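Remember, it's 1-based here, ligands and their atoms both numbered in the order they're listed. Residue numbers count from 1 along this sequence. None of the values given here were measured: they were computed from a predicted structure. Computed over heavy atoms, backbone and side chain alike; hydrogens, waters and symmetry mates excluded.
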Amino acid sequence: MRILVSNDDGYRAEGLHRLADALRPLAEVTVVAPELNRSGASNSLTLDVPVRVFPFGERMYYVNGTPTDCVHLAISGLFDFEHDMVVSGINDGANLGDDVLYSGTVAAAVEGRFLGLPTMAVSLVSRGGRHFATAARVASELVMRLVRSPLHSSMILNVNVPDVPYEHLRGHRVTRLGHRHKSEPVVRTTDPRGRPVYWVGPAGEGADAGEGTDFAAVAAGCVSVTPLQVDLTRHAALAEVDEWLRGRAP
Ligand code: MN
C-alpha cells in the first residue's frame, strides 16, 4: 500500500511528521507538502506561476504552492507509481463545521478522491495541550480499519481528534458538520506608513453544535468522523427552483 501524506501547515509542521511516522509501519509513505503555512487555502490551484518541487528527505518533498497543488502534482505525473490513498494533517487546530470550506487540510484530502481508497483529513482540536501523538495513533488505527474493511473509494473522512492523552478519548462518533456563527469582524490597523491594513478575524463559535454534530462529539471528548462529499448540489431544492424558473410560485 502506498499512502500520500500532505497538510496545509507546511512541510516543517510537527503534525505532518507525526502523521508520516505513524503511517510508515503500515505503508510506503510519500510526503508532498506546501513550503509555507497555507492554512485557509481551500481548494486553490496555482495557475499564474510555475510550481517547483524540492526534496527534503527520503520520499519527502515540498512544493511552493497550495495543499491542492501538492496532491494534484503527486497523483497526476510527479511519480511513476500510483498512491492508494491520501491522508492529510495532522492539522494544528480544529476543522469543524464551516471550517471545511476554507481548510487546506480538507482540500488536500478532497484532491485525493480519485484514488483507490477513501481519503482522510485529520485535525487536532488544539487547546495548547498539543497531543499530536493521540491524533497520529487515531489516524493509523483508522487507516488499518479502512484496509481491513474498505468504505466506498470516493469517501472523504474529516476526522477531528480532541487534544488529550489517548487514554482519555471517549470513543469515536460518526457526525454531521455543525455550523459556526458569523466570524469575528476584520481587524483594522495601520502599517508603519499610516496606511490601513486588515486582518481576517477568527472564526465564530459553534452555532449549530447540537446532538450529532462534529462540535458536540469533540466537546464530549470523542473522535469526530464526518463523511464528506464533493457534490454541493442542493438536491432538495431542484423542484422548487424548477418551478421558480417556469414562473410559477413554488
Ligand atoms: Mn492548518
Within Asn91, is some N, O or S atom less than 2.8 Å away from the Mn ion (ligand 1)?
yes
Taking the N/O/S atoms of Asp9 one by one, which is nearest to the Mn ion (ligand 1)?
OD1
Backbone N/O of Arg180 and side chain of Asp98: donor-acceptor pair under 3.5 Å:
yes
Please work out which of the three classes, parallel, tilted or perpendicular, describes the rings of Tyr61 and Phe79, given edges at 30° and 60°.
tilted
N, O or S atom of Asp8 closer to the Mn ion (ligand 1) than 2.8 Å:
yes
Can you tell me if, anywhere in Ser39, an N/O/S atom lies at a distance from the Mn ion (ligand 1) that is smaller than 2.8 Å?
yes
For the residue pair Arg137 and Tyr166, would you count it as a cation-pi contact if the rule is NZ or CZ under 6.0 angstrom from the ring centre and within 45 degrees of the ring axis?
yes
Return yes when atom NE2 of His72 has more than 12 non-hydrogen atoms of other residues, nucleotides or ligands closer than 6.0 Å, and no otherwise.
no
